[in-house]
Structure formats: structure tokens, C-alpha cells
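Here the structure comes first, spelled out in C-alpha cells, and everything after it is commentary.
In this text, all values refer to a predicted model and were calculated from it rather than measured experimentally.
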Amino acid sequence: MSDTIRTDAPPEAAARRTGEFLPKLQLTGDHDLCPGCGEPLAVRTLLEAITDVGMTHQCVGVIGIGCYTALTSNMNVDLIQALHGRAPSLATGAKRMRPDTLFFTLQGDGDMASEGLQEVIHTAARGENVTCILINNGVFGETGGHMTATTVLGQRTKNSIEGRDADYHGYPIDMMAMLAPLGGTAYAARGTVHDAKGVARTRRMVRRAFETQLRGDGFSIVEILTMCPTGWFIPTAEGPGYLDEVLRSVHGTGEWKRDGELLTQAAVPPGDDEDLLA
Amino acid sequence: MSDTIRTDAPPEAAARRTGEFLPKLQLTGDHDLCPGCGEPLAVRTLLEAITDVGMTHQCVGVIGIGCYTALTSNMNVDLIQALHGRAPSLATGAKRMRPDTLFFTLQGDGDMASEGLQEVIHTAARGENVTCILINNGVFGETGGHMTATTVLGQRTKNSIEGRDADYHGYPIDMMAMLAPLGGTAYAARGTVHDAKGVARTRRMVRRAFETQLRGDGFSIVEILTMCPTGWFIPTAEGPGYLDEVLRSVHGTGEWKRDGELLTQAAVPPGDDEDLLA
Amino acid sequence: MTRRLMEGSEAMAEAAIAAGCRFFAGYPMTPFTELLEHFAAKLPDEGGTCVNAESELEAVGMAWGACATGFRAATGSTGQGLSLMQESLSEMTRAELPLVVFNMSRGQSDYFQATRGGGHGDYRHLVLAPIDVTEAIEHVQTAFHLAEKWRNPVLIYGDYLLAHTAEAVEVAPLELDQLPETDWAVDGTRSGTGNPRNVNSIGMIPGIKGIDPETFWKRLQAKHDAIAESEARFESESTEDAEVLVVAFGSMARFARHVVRELRGEGIRVGYFRPVTLWPFPSDALRAAAEGVQRVAVLEQNAGQMIDDVRLSVLGAAPVSAIGGISSDEAGFGVGPLLDVDRIRGRVEAALETGGGER
Amino acid sequence: MTRRLMEGSEAMAEAAIAAGCRFFAGYPMTPFTELLEHFAAKLPDEGGTCVNAESELEAVGMAWGACATGFRAATGSTGQGLSLMQESLSEMTRAELPLVVFNMSRGQSDYFQATRGGGHGDYRHLVLAPIDVTEAIEHVQTAFHLAEKWRNPVLIYGDYLLAHTAEAVEVAPLELDQLPETDWAVDGTRSGTGNPRNVNSIGMIPGIKGIDPETFWKRLQAKHDAIAESEARFESESTEDAEVLVVAFGSMARFARHVVRELRGEGIRVGYFRPVTLWPFPSDALRAAAEGVQRVAVLEQNAGQMIDDVRLSVLGAAPVSAIGGISSDEAGFGVGPLLDVDRIRGRVEAALETGGGER
Amino acid sequence: MEREILLTGIGGQGVQLAAEVLARAATREQRHVMTLGTYGGTMRGGNTDACIVIADTAISTPPLVSRAWAGFGMHPRYWEPVSEKLRPSGVAALNSSLFAEFDGAREDVTPLRVDTDALATEADAPMGGALVLAAAFSAATVLVTFDSLVEAMNEALPPYRRQHAEANTRALHAGWAAVETPITDAWNPGATT
Amino acid sequence: MEREILLTGIGGQGVQLAAEVLARAATREQRHVMTLGTYGGTMRGGNTDACIVIADTAISTPPLVSRAWAGFGMHPRYWEPVSEKLRPSGVAALNSSLFAEFDGAREDVTPLRVDTDALATEADAPMGGALVLAAAFSAATVLVTFDSLVEAMNEALPPYRRQHAEANTRALHAGWAAVETPITDAWNPGATT
Amino acid sequence: MTTIRGTVVIAEERCKGCELCVPACPPDVLRMSERRNEIGARVPELLAGCTGCGACLLACPDFCFEVYRYEAPQEHMPGGDA
Amino acid sequence: MTTIRGTVVIAEERCKGCELCVPACPPDVLRMSERRNEIGARVPELLAGCTGCGACLLACPDFCFEVYRYEAPQEHMPGGDA
Ligand SMILES: Cc1ncc(C[n+]2csc(CCOP(=O)(O)OP(=O)(O)O)c2C)c(N)n1
Ligand SMILES: Cc1ncc(C[n+]2csc(CCOP(=O)(O)OP(=O)(O)O)c2C)c(N)n1
Ligand code: SF4
Ligand code: SF4
Ligand code: SF4
Ligand code: SF4
Ligand code: SF4
Ligand code: SF4
Ligand SMILES: [Mg+2]
Ligand SMILES: [Mg+2]
């Protein structure tokens, strides 16, 4: 159609490339996650933040088990594959032996808040100098969309198709509220990838978490809310809106703890909200 | 010595027995716990509180593993012996099948805050209608006095003989701060047995926790600070003072959540502080 | 009779409920997930409870609690999840609790864990390995019965094929012996009587200080010996004049039996033997079936585990060789290329050719 | 040479450090606790790290992480704690990580778990069972060596006696072959190169979508076959003309050996065989040692586990019977009345009387 | 009489639902039925296959068959291994929208080509391609009746997919109507047209 | 020459420390040494036993012996099984404060009675009873020297018990001084007095 | 006539048709086309008015966008091509 | 002369000599005696002035106390016995 602009090749007029397909630390863009899944976006912010803090060649990831695990073959990063829920302990042992390397875990809500809740809390309480990245979609995506320990009241999942009900299913755990107050936690923030601004802010959060680790200040965590249209049984296009309305109303975004200080109100990480790609 | 009063038989003058050696639900007083140990005192309050709420013949305990386990043969209560750390899950399954029976767990800090932290948090988040009793002495008493996840900064244990140090050993977990805010927690309080008033108050806390359960309001927990002179490597007589100064300065006593409402300041459970035996 | 199309998971859940199971707890993991889903969907209508536990450790703990109060209860998982439950399975066996466990295994590589106990200490639990959905419906009911009869956990060893194959079946209640009333469970009513109960794994007795694990564990060993004596089950076909005896269990046996029938149809002298219980292993029956054969060919989908029990049964009387092996799909769910009638037929034919030759 | 009095736990910790172990994590449990205490006391001075983990699950995870970065690392526990680690031990074996695990067992009832793997799936780890503190000092060093040589976990199977017996010993470094540089660990320096590493248990390869577990696991099986071929170790005495061959491992072997020496001293024809590695089990050596004997008498402190391996070795050539059994002190720590030279002597004598008679 | 059917497609094409509908329909008609769905790798991406066995008598064959009476191809990417397993004079039902030309390797099987994409779009059931083919295949082989198919489809839908029932019925109808005369009679092969 | 010593007492009496001190002292004197402490049940309550083997050559016997050269009794409650294991003409070192009279069953062993409670109190080392007996036993059997005992005791104390070193030394001294002449010579039995 | 300050390259072969990029674009210059790629997904197309802000890149889970900013803004005539 | 409103019975055989009861007693009428029981523990003794408050009972980990309140307060003469 003549109204459209060609998008199959770089522009002919003089132009600067301001955004590349892939982050530096990503090998390929091709993956098997569902259409509209938010997890690849979370992984993008993570990989970009590593480069941001200059640790491109000095970082190791410890990976949990969930849909995002399939993305690890795309990652240009030294990795240790953990068992479901156990990544923070592996990161602890690894970081203790290689204190100059940047260590992060990549875990889902099923991995971190259900199967491995104890691991992350103890790691935080000990003040281990590692960064945990929690991808929270409120479901076990990988097994078909079941409720997890973070699924918010009212959320649709395979076993709460009418929405999670407190009396029947119990209450969700707010991971920030639980982890931020611990003595060993130096940085805690929750971001989202349901819109571009959220993605840009999340990247700044992850960057700050890494800076915390590099200063040796102790445990840092960034939770990232992601869409799972498959596990929520909704059309892909409705994912971002559903996340914003349902998940985010309970799991509020912002910084919860910074430089070891608990913030009374979740704060936006400083930086330029308008220049999305910085 | 002629200044002393005979104590080997009941008084001859008319007198009312206001306090018996043993609570109704205790079979014998003889046990192998160390001199000056606070755990038998905690168990006393628990057993008395069961009788207080009229569930003497309709209660089941689920027991963790620690020094207190040796006290269970003294208990006149139907019991399930759990593995180390796992009692809250057992209580969950049991209570679901017998909703009219009073269920409690009896666990130490090693059991609940170290090995089994995840179990109790999930049980609380689900709002299971059970009561967990945490005996917190800040050590694995049974294995010889090692640090646990609740050991406070500065506390002496076998592996922190100069006192727990945050940089080296990490930070203690405040179980009330962690459990009270959870959606499924209806009642949370921390008592102590380092003096008689503390014992009397603790009994009132346990009673209220049981009442919470009997009303079906959800999860209830009472943490009880106890002396462990053996694990603290101090003379028995110094136990109560050490508890008061060291443990209690971090793990403050009082009610943290009541009727599902978080209290901003830990409150004394209502009742008569002067009539110790009521 | 109206048959309904049910996948194995659904049929097993229905059979469990028909057998009186009123509690289930589990954590999703392929190919066990659907079993959990079916229990979650069906139990509430029968007045039962299904908890979507936050981990396998918690799931088995919940089932333990439910069991201890005298209700029929079950849990299950696969692979990693089963491994996490081993501590509890060991202790529950020693606490003599009649738990039923569904291992929807990824392939057959948990044979050792299932039959020797992956946990600590001396303990054994019964293992039933159904060949298809129809048999699974029976086995599940038998499992609850045996668990209560012996006060011992029973494990159902299935796999992806069993869990996901749908068959047109009917869940018909089995006729089973009447069992005595449960007199060991705790319900709280003995509290305060001076004679309470303590459900434990080390021989604690209310009112008696200390424990006596040796006596307690020796009594358990005697019980396990009695189970071994009386509960071994097997199925066999065409063993009389067989030159090669094919031994297989579970889904692999379904392939083995089909191949043996095909070959027998062509007049070839092969036999088929299937341990229906993996523990106790039907050693006597296998020894008898192997009498006179030139070779025992063990078809299992793993690196060689049941072959130990086959050798311990045959004890040198005939050469025993493996004709199975590791086989997996790309996801590691155990649906590997070995699961193929032609391929297996080829291996049996090769064993026929070798005969009693190489050992 | 100056010997120092060290309990087994201390000697093993020192030997581990001498072997280059720089990371340890554990959770206290009798009789393993002191090993943790000694590592905690000694490692920091050697630039190493010991973490008092909050549970066994976390302890093994920490050791996993340390191992994956290319450092020699260990963990350990007993009973329940070891059971909790089985999931990780299975996966670490398949991730080819050279972890050393100390099982200070309560008695000998974890033989199956140690030799067959209590976890899921097909995997094997080496098991060394020292007879005394002196040998433990060697075994610990050998363990780290073999673990790295084969990139496979190695378990040291000890018990209360080994952990707590103090002996006057010297921790002398063993002469061991030079191993190639570690080229499989992750230290972060390959990140960003386009050719990073992924330490995993299922055959994931960076840049390649999907996995191929079958190929990966078959390669592992081949490695395990190679270990089985080459690493079996044993000790034997007086087997030549023995009428009864006593087979025992670990601490029980110390009793058995002493009894056999006593009896030989009196001219009685008994022999002694000890598997030094429990996996691989020295089957060929045992078969050879059992040649011509009237009876193989298996002394193990459990309900009968190693006896399977003995039978699988002897394969009917001589009757095999158990002369051990469950035995425990009141606390369940495994220091039972069976641990008595006179009692064991009596049982060996009874076996001599039975000879090849009853089976 | 034992009728093995192998289905293949790629994720999202609805092959598993089609297999379940065929199996349930046959169950309703009192046959012995066994079916198993398998996925290449995970549930996301990759192939999605299924095997159905329908018989007059108890089924002895395992749920993964080495040889089959019919193949059912929604996408050509993983068709080859299915094709290889077909018995001589078997049936191959193919989504002609994607199978440009029939796989020449098997001239000994009878093809049934259905333009499922077009029919599904026409029926306003864009996700219903596999059901179109299933219905066409049933009609062409007299495997099960149309009513059984519709009832089976309703039975097979989980509660959270109920809203698709109508579109699915239209898809079945479109497929059934697309076949004028059967090409074989599954239960009465002598009567082959 | 192999010298087995069985020690018994109840919790809190310091028997384990005494055993360790004896074993360390012998180690300092270049002997082969093996020792094992065992507890009845748990560390709280119940008996506390230990076994020491000291030898000139490598030790073959396991750490729990069936027969012993000497018994060392701090409390009579669990003395009997120890007494039964003593070899004829062995030695029995007894805390006479609690062993009212010597166990008549073994008239074939030489008793060494030490009023440990009194000596310990006198030495202002109220917790040092077992060390008193250990020193007396060593002096009476020429098992190890006094210096070795003191050095061994210092070696054996964990950092958090260092404050007891002086009292312990006094206890050792009191026990050593209480023996005028040896009753046997452990390493030179011919020279028995 | 529309001012175009930036543009994008779309890796259509990776697109899964999730439509997330469409609402993410602030000037609303992305829309789903009728074109389908190999795996059958409908892919987006670009209308005139891109600012080169990068929102689409951040919103796309399949790494389909590369973003450019023109050195000098371009003008687009309806019916023509940039 | 001291008023005694209550008294206690002490199960000395169970006492482990921990001394916790002594500071627990509000009127300070418990003190450790020189007497030792079977297991060698020093046991407490009661001086005149007990109020029957029960603090000792609540403080003793070995269940050694039974508490009585006199119907009428008793008077104690130093040197005598209650
Ligand atoms: C011990 C264990 N239990 C269960 C599983 C199965 N399993 C794999 S991924 C997964 C859910 C992961 O959920 P989450 O971490 O939220 O990741 P998501 O799939 O949502 O990205 C489960 C339960 C497993 N791999 N290991
Ligand atoms: C899985 C497991 N790990 C370790 C142990 C050993 N263990 C027994 S009791 C105990 C400590 C208990 O501490 P706590 O719960 O605080 O009770 P306390 O002894 O202080 O009363 C430990 C570590 C065990 N029984 N099980
Ligand atoms: S199931 Fe959910 S989390 Fe997993 S890939 Fe699909 S959308 Fe993403
Ligand atoms: S070790 Fe501590 S907790 Fe255990 S019995 Fe002794 S004083 Fe009590
Ligand atoms: S760069 Fe910005 S304006 Fe351009 S297409 Fe992407 S989102 Fe729209
Ligand atoms: S967001 Fe990406 S995958 Fe989704 S429609 Fe747009 S270009 Fe395609
Ligand atoms: S009852 Fe009160 S006053 Fe009397 S002895 Fe006890 S604590 Fe003291
Ligand atoms: S508190 Fe009890 S055990 Fe302690 S000294 Fe007093 S009476 Fe004895
Ligand atoms: Mg998730
Ligand atoms: Mg404790």
C-alpha cells in the first residue's frame, strides 16, 4: 500500500541507528516463547543493564526453570543452569568464590516465590552480594498457566479461571514487601514491561541493582512484571492492559529500598523517562 | 536450717492449691533438657492455653525437630512428628481433613526460620487455619548451639562466639515482621519466658491465637523467646538476663497483628498481669 | 457398560476417588501436571480437598498430615519433584503411613529410586507399574488398599504415555477385602486421656522418655519381609518353550507384549514376563519363567536398572542382557525413539540370534 | 613425622583443604556436624569460604555454585539431610560437576542411596568408604582428584565412628597424577565473546535452540561405564583357602578384619574382602575372591543392601548370606550393639558351621 | 478391525483438539479407542502430533504405532515420518492450503485433499482448520457420524474455551459438506467405493 | 602393647574432656592412639562413655572394644558393662565419692579409688573431678607424664573454655599428687610394683 | 504532508503477530497489515510519522525492530514513499 | 515476724539446680540451699514470706513447684517453722 513506509531495509537518507534489534549480550532474536509474552522484554533489560555497567565480559547468570529458561540459549553470557527454585544458593556459592564477577539470577515467580521462596529470603538476609531478577507473571507459564504464590486476587489462571479468590486460594505474597525490609537487602525495586516507559525504567532499576552489587553493598533484587497471555487465557493484545490493571494494582512498581534505606513510597528510578533507548 | 519453710509436703494450715506442678495436658515433669532451658516453659504455656480454650480432648500437635522434641513424650496430646522444618505443611493437610480439631505446630527457630522458612510463610499466606508456635532461642540447641536465621546481631553461639556480626554472618530474620503482614495471617504475637510475667503474657497470646483458629479467621502464630544457656555458652542463671538484653532488644515482644489488623506498635495482650496463674 | 474416553491422568484421579481418596496435594510438572489438575477438578465435589502446593516438599508434607489423621491421601510428581520427596517418603514409610504416590516418570529411569528408596535408611514401599489405563484404574484402587492393609506407602509408577494416553474406559470399583478400622491415626480425641497417640518414625511412645529405634526398625523390616513374601505380582505370556524371555514393565511392557505376540504369531519362540509390582519384585516367578530359556532380554528405558533385579532373580541360570537403553524426546519427557514396535522387534530378533552365545 | 590426635571430622577437613578444597557449605546434623565445624574453623585461613547454610537444600546449592566456577568444593550431611540433596546430586552428576559429598551416615543404611543414586534419572557417583581415619585422609584427597578427573561427584561414605573417632595421624599430601586445566567452568570471561559457556545437566548449548538430552545422557552413560571399568578398589586378606569369606565395608569392615585376623591367628580358614569403592563395586575382584569358598558372609549394618551387589558379583557361585543387620543406639546414630568384636566373631563362626549348607 | 490414524501439524493449528474430537466421537459410537498427543519439545513452537487407534475389539498395540491406516496432515513440515508409516492402500488426509502437492513417495495411499484454510475462513472459523479436515476425513472414510463429531467437540472443550463451540461446529460442518462421496469405508473396507 | 581404657560417667562430669586429655597426652608421647566418645541417646542426660586405645604399634582393633585393660568410672550408674569388659588383672580407676564400694564382681582387677569430689573441691576446681581421676590414673599406671597431661589439657580446651585452664591444671595436679606409688606400669608390665 | 524524524526496520520473519507494537507507538504509526509471514503470523506495517522514539523496539517481545533517527527530518507526501 | 500468704511444694528430685526460681520470686524468699539431690544438683529452699504468687512455678523449667494460698495469712517467727 502506498501509504506505508518501507521497513525491510535501513533508510537511504542519512540516519543514525539508535536502537538495534538485539542487545549486545544476545546471540539471536529467534525464540519459542509465545506471541505477546513479556519475558523476552525482561531479559532484554537485563542484558542491556549488564552492558550499561560495563560488565559485559565479567558476568555470570544463574538461571531458574520456567519459560524464560528457553531464552538462555540466546544469551551471550556465561551461565549456570539451576534446578527449579535453587538459583540464589548457587549464586551465593559462585559469588563467594569470584567476588569480582557480576552475578545475577533469573527466576520466575513460580521459581522464586513458590518452589524456592526460602532460598531467596535467606540469600537476602545473609546480605549476599548478588542480584536476583524475578520475572513475575503470576503463573507457572511453563506448565500451562497455574496459580503461583504471587498471583494476585482476581487474576485468571488455569486453576483460578474466575480469578484468584482469597478464601479458596489464599493470598498472594508481595515479594518486595517481604524482601525489602530484610537487613541484608540493599536495593529492591519492581518494574514492568507492559509499556515502553516501563521497560526503560526497568532497565534503570536493573542497572542500579548491579551498581549496588558492584559497590559490595549487599543483596539486590529487581522484580519485573511480565505478560503471559497464554497462562491468563486472554488474547495477546490484551496482555499489557491486563497487567497494568490487575497485577500492577497489587504489585506496585517503583523502588522499595535504595542504598539500604527503605522508602516509604515506591519511587521511580532517576533518569530520563523520555529518551527510551538510553 | 531453721529459717526455712518446709517444702516437701502440702501445707497443714488451710490453703487452696492455686498452681499445680504440671499442666493438665502434661504426663510427667521429668525430662532431659538442660538446666535453665526455657523450652519447657514455652511448652507449659502452650498446654495450658489448650485447656484454657476448652480443646483438651480435641487437639493435635505437629512437632518439629529440636530439643523440644524430647518433651513430646511428656505431652498428653495426640501428636504427629514432622521432619525438621516441615510441620506447617503437615498441619495444613491435617487441618483440612479435620477442621473441627485444634491444630498447632511446635517448632524451634532452626526448624521454622532456617530449615523450614518457606513452609511457614506459604502456610501463612494461604491463610491456613492453624496455629504455629515458634520457640526461638536463636540457636540450633539440639546440635550444640549453632547460629540460626534468627540469631540476633551480637548474640553468642557456637559459631559466633564473639557475637553475631552482620558483615560476616548476615542479618537475623524478624519472623513477626515477616509473617504478620501476610494476607492470610490473622494473629501474630511474640512472647518471652525469661520472667514470670512474660510467661503469663505468653499464655494469653497462645490462648488468643487458638481463639483465632477456632473462629476460623486464618493463620495464627506465637513466637516465644526462650533461654538456651548451653547454646549461648553462659551460666544458667544468666539466661533470663541475656535473653532480655540481647534477644529481646531485636525481637520485641507483644502482639503484632490482631483480628487481621497489623498493629503499628507491638501491644501487650489484654489480661491480668498480676494474677500470674490465670 | 459405557466407556468414557479418559486420559490416564483423569482415569487415575477418578479411580483414586472411587477408592476413597479424599486428599491430594501436588505441584505441577510434566507429565504429572494433569493428574493434579484432575484431582483439583474432581475432589471438591466428593467432599475432598486438593491443595495446589507451592512445592513438592510442601505437597508431600500436606499429604502426610492428611494421612496421619486417618484419611486416604495421595501426592505425586515426576523426576526432580520425586527426588525432593524422598526424605519424606523414607520417614512416612517408617511412620507407617498409607500414602499413595503417583510417579508419572519421565521414562523409566527412576526404577532404583522407586524400588530401593531414594531416601535415607532402610525402608521399602510397594510399587505398582500399570501397563495401560485400564490396568491403572485397578492399580490405583489396589494401591490404596495395600497401603492401608500394610500401613506402608505405595507408589504407582507411570510415565508420559500412561498419564497422557486416553482410552475409552470405565472406572469400575474393585472388590477388595474389608480392612479393619483404622486405629492408629490421630484425630485429637485421645488428647487429655492420658493415653494419646504419637505418629512418628522412630518409635516414640507417649509417656516413655527416649526412643528405641532398633526395635522399631527391626519390626518394620519384618513387615517388609512379609510384604515381599506375599505381594509380588506379575504377568507372563508364552514362556513355556521360549528361547528368549523378554522382561519389561509399565509402558515398555506394552511394546514388549505386542512384539512377543507378533513374533509368536509367526511361530517364533519368544516369551514375555512383566513384573507388575516392581517392589516386591516377582523373583520366584521370574526364575521359574526363565527356566530353560537361552537368554533373558531386559527391555527397560534407562541405562540399566531393573536388570539388577532380573539378574538377582535368575542368578546366573541364563545369560541376561539389556535390549533397552536411554531414550528421550527433545524435551526429556521420556517419549523417545525406542518406543517403537519395529525397533523393539529388531532387538528381540537380535537376542534370538545371539541365543545363549555371548553373555 | 609428628602425628596429631584428630577426630575423623577434623582429619577429613584438613585433608580436603590439603587437596585444594576452598568452599564448603553445610547444615548441622549429628554425626556430620563436626565436619562443618572444622571446615568453618579452618577454611578462612586458607582463603577459602565456609557457609553455615540454612538448610541442606541450600548447602548443596551453594556448593554447586562454587563448583561451577571451577573451585574445588564440598558439602555433606547425614540421613534426612542427604535425602534432601538427592535432587541436586542427580543434576550435578549430569551437569558433570566435581562435587565432593561427605555422608557421615547413621549406620550403613544409605548404601542403596549412595550406590544407585537416590535421585531421579540415570546417574552414578563414585563412593569411597574409608575404614579408618588414616584411610579417610587418603580417600578425601583421592575423592577430589577423581571428582575432577571424571567431572563427576564423589561421595565419602563415613559414619559416626569415622567422624568421631580420634586417631593420632598425619595429614600427608598424596602424590596424584597431574590433571589437565579446568576448561569447563564459568567465570564470566566468556560472556560477550559470542561463545559463552552454559553449565547444565540436559545438554543446552549456547546459540542452539532446544536441547538433545538423549545424546547428552548416552555420553554420560558411556562415561559411567568407563569409570566402572577403571576405578573399582578393594582390600582383601586371607582369601586363598578361605571357607567363609566375610564381606564388609567402612567401619563394619574394621570389625570384620579384626575378627578375621583373630580367627586366622587361631588357624581358622576365614577370609576378608572389603569394597573400598562402593560404586563402582569391585565385582570382578569379589568374584575371584569368592572362588572356592563355601559361603560368602555379608556383614553390613542395615536390613540388607550391599548384599545385592555381592550376589550380583558372585551370581550363584556360592551361597551368600547376611550376618549383619539393623543395629542402633537409642538416639539412632548408628552406634548399635552389633558393633562388637565378640558378637561379630560369633556370627562368623556360625557361618563357618553352616558352611555351604543352607542357602 | 483396528484403525490407526497419525495426525501432524505445527503448534496452534488445533491438531490436538481435532484428535480428541475424533477419538471422543469414536468412543460415543462404542468403539475401543486409544489416543495420545505428543509435542516436539515443548508446547510452544515445534510440531504437534497425535496418534489415534480405533478398533472393534480390545486394543493390544501400544499408543505409539509403527504403522498406520491413515495420515492426517495439517502442515507439511513434519509429514514425512507420518507418510513413511502409512500402510499400503491407506488414506492421507491433507490440508491442501499448505500441502502444495501430494507427497509423491507414497503413490500407494489414497489422498484426500481439503482446502481447510479457505473452508475455515469461509465458515467464519479461522482457527478451525483442523476440525474442517477432521470432519472431511470422517465423511470420506465413514469413520464416525457427523453428530458424533459435534457432540464430541462440545465434550472436548474446556470451560474456558466454551465460547468457541459455535465456530467449531461451523468448521465441522464445512469439512463434512466438502466431501461428496466417501473414498473408503473404515469399518467395511469391502464396501470401498 | 595395646592399652584399652573404658571411661564412663554421666552428663556434665567432664568424662569426655578427661578422655581427650589422656589421648592427647599419649599422642604427645609418640604413641599410636585412638579414642571415641559415645553418649547414651543425646548430649543431654544419660551416660557419657569413652574408649581409648593407646599402643606401641599401629592399632588394628576397632574403636569400640570388647575387652579392655582399664576401666575409669566417674559414676556407678553405667559401670557394669564396663566392668564386664575388663581383662583379668586389669585396672579400675573409680571416683570413690560416688562408688560407695567397689563392684565385687571383679575381684581380679586392681582398684584405684580416688575421692575426686573432695580433691576437686579442695583444688578449687569443682568441675574438675574427671581430670583429678585421669591424673591419678596416669600416675598410678605410669601411662603418661604429668607434663603431657597439662599440655594435652591446654590443647583440648576450645577457645570458649580457655578460662577453665587454670582450674583444670589444679585438678590435674591434685589427682597426680594423690597417688604415692604406681600400682602398675602400663608400658612395662613386668615392672609392676 | 507528514514530518518523519525516524524510521524502523522490521524483522518480519521473527514476528509472531502479537500486536503489542501497535498500541506502544506514541504517534500511532504502526498497524497490523494483512501480510502473513512463513509461520502464518500477520506482521505490522509502518505509516508515515515515525519519530524514532524506540517504543516499538522496547515493546516487541520478538526483537523485530531496529530504530533510526534521520539526521534531518524527512517529509512524506501521502501516496508517496519516504 | 513475717506474714506468709502462701507456700510452695518443691519436687526436689526433678530440680536441676538452674537457679532460675531464685530471682523470679518477687518477695525474694527462695534461695539455693547447700543440699544436693540424687543427680547432684543444688536445690532451692524457701524462706518466710511467700505470697503464693506463682512466679517460681512459671519460671522453673523442671516443673518443681506447686503453689498454695493460705485461706488465712500465716505469721512466721524467725527460727520457727511455718
Ligand atoms: C522441582 C521441580 N518441580 C516442578 C518443575 C516443573 N516446572 C518447570 S517450570 C515450572 C513453572 C515455572 O514458573 P515460573 O518460574 O513462574 O516461570 P514461567 O514459566 O512463568 O516463566 C514448573 C512448575 C520443575 N522443573 N522442577
Ligand atoms: C533435615 C535435617 N537436618 C538437620 C537435622 C539436625 N537437627 C536436629 S535438631 C536441629 C536444630 C534444631 O534447632 P531448633 O529448631 O532451633 O531447636 P532447638 O534445638 O534450638 O530447640 C538440627 C539442625 C535434622 N534433624 N534434619
Ligand atoms: S506461557 Fe506465558 S510466560 Fe510462557 S512463553 Fe507463553 S506467554 Fe510467555
Ligand atoms: S541445648 Fe539449649 S535449647 Fe537445648 S535443652 Fe539445652 S538449653 Fe534447652
Ligand atoms: S520508533 Fe517510535 S514512532 Fe517509530 S514506529 Fe517505533 S514506536 Fe512508533
Ligand atoms: S510486537 Fe513484534 S512480534 Fe508482536 S506484532 Fe509487533 S513486530 Fe510482531
Ligand atoms: S509463690 Fe511467689 S512468693 Fe512464693 S516462693 Fe514462689 S515466687 Fe516466691
Ligand atoms: S528453677 Fe526449678 S530446676 Fe531451677 S533451681 Fe529452681 S527448682 Fe531447681
Ligand atoms: Mg511465572
Ligand atoms: Mg532453637
Side-chain angles (χ1 to χ4, degrees), chain C residues 56-57 78-84 86-91 103 105-107 109-113 115-124 202-203 210-214 216-218 220-221 224-225 302-305 308-309 311-312 314-317 325-332 336-337, chain D residues 56-57 78-84 86-91 103 105-107 109-110 112-113 115-124 202-203 210-218 220-221 224-225 302-305 308-309 311-312 314-317 325-332 336-337:
Chain C
E56 292 84 356
L57 280 176
T78 187
Q80 287 79 356
L82 250 291
S83 293
L84 286 168
Q86 294 303 313
E87 184 202 20
S88 291
L89 293 187
S90 167
E91 295 288 327
N103 181 4
S105 174
R106 296 178 172 185
S109 57
D110 301 339
Y111 182 93
F112 278 147
Q113 185 191 66
T115 58
R116 270 84 177 154
H120 54 289
D122 289 296
Y123 72 102
R124 300 274 191 168
I202 42 177
I211 51 172
D212 178 3
E214 176 164 330
F216 190 68
W217 292 336
K218 281 188 167 165
L220 279 176
Q221 187 184 357
H224 287 140
D225 288 347
N302 58 37
Q305 301 192 17
D308 272 13
D309 282 331
R311 288 212 168 94
L312 285 167
V314 174
L315 270 186
I326 290 172
S327 182
S328 176
D329 54 296
E330 279 178 27
Chain D
E56 292 84 357
L57 279 177
T78 188
Q80 286 81 353
L82 249 291
S83 293
L84 286 168
Q86 294 304 312
E87 183 201 19
S88 290
L89 293 186
S90 167
E91 295 288 326
N103 181 4
S105 174
R106 297 179 171 184
S109 58
D110 300 340
F112 278 146
Q113 185 192 65
T115 58
R116 268 84 177 154
H120 53 288
D122 288 297
Y123 72 101
R124 300 275 192 168
I202 42 177
I211 52 172
D212 179 2
E214 175 163 333
T215 308
F216 190 69
W217 291 337
K218 281 187 167 165
L220 278 177
Q221 187 184 357
H224 287 141
D225 288 347
N302 58 37
Q305 302 192 17
D308 272 12
D309 281 332
R311 289 213 168 93
L312 285 166
V314 174
L315 269 186
I326 290 171
S327 183
S328 176
D329 54 296
E330 277 178 30

Checking heavy atoms, do the side chain of C/I326, its backbone, both or neither come under 4.5 Å from chain D?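 Both parts, heavy atoms under 4.5 Å.
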With only heavy atoms counted, which part of C/R124 is less than 4.5 Å from chain D, the side chain, the backbone, both or neither?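 The side chain, not the backbone.
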For [X], which atoms come within 4.5 Å of any heavy atom of chain C: side chain, backbone, both, or neither?
{"X": "D/S327", "answer": "both"}
{"X": "D/D308", "answer": "both"}
{"X": "D/L57", "answer": "side chain"}
{"X": "D/Q80", "answer": "both"}
{"X": "D/L82", "answer": "neither"}
{"X": "D/I211", "answer": "both"}

Looking at C/P213 and D/S328, what are the two nearest heavy atoms and their distance?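 Closest pair (atom of C/P213, atom of D/S328, distance): CG-OG, 3.7 Å.
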Main-chain N/O of D/G121 paired to C/D110 side chain as donor or acceptor, under 3.5 Å: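 Judged by distance alone, yes, a pair lies under 3.5 Å.
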Any sub-3.5 Å donor-acceptor pair from C/Q113's side-chain atoms to D/G118's backbone N or O?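 Judged by distance alone, yes, a pair lies under 3.5 Å.
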Could you give the distance from NE2 (C/H120) to CZ (D/R106), rounded to the nearest 0.5 Å?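 Going from NE2 on C/H120 over to CZ on D/R106, the span is 8.5 Å.
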Find the distance between CG (D/D122) and OH (C/Y111) and round it off to the nearest 0.5 Å.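 Those atoms lie 13.5 Å apart.
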Find the one option among C/G304, C/A303, C/S88 whose heavy-atom pairs under 4.5 Å with chain D are most numerous.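 Of the options given, most contacts go to C/A303.
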Between D/N103, D/N302, D/L312, the one whose heavy-atom pairs under 4.5 Å with chain C are most numerous: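 Maximum pair count with chain C is reached by D/L312.
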Greatest number of heavy atom pairs closer than 4.5 Å to chain C - which of D/H224, D/Q221, D/R311: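 The answer is D/Q221.
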Non-hydrogen side-chain atoms of D/E214 and C/P337 separated by less than 4.5 Å: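 Yes - at least one pair of side-chain heavy atoms lies under 4.5 Å apart.
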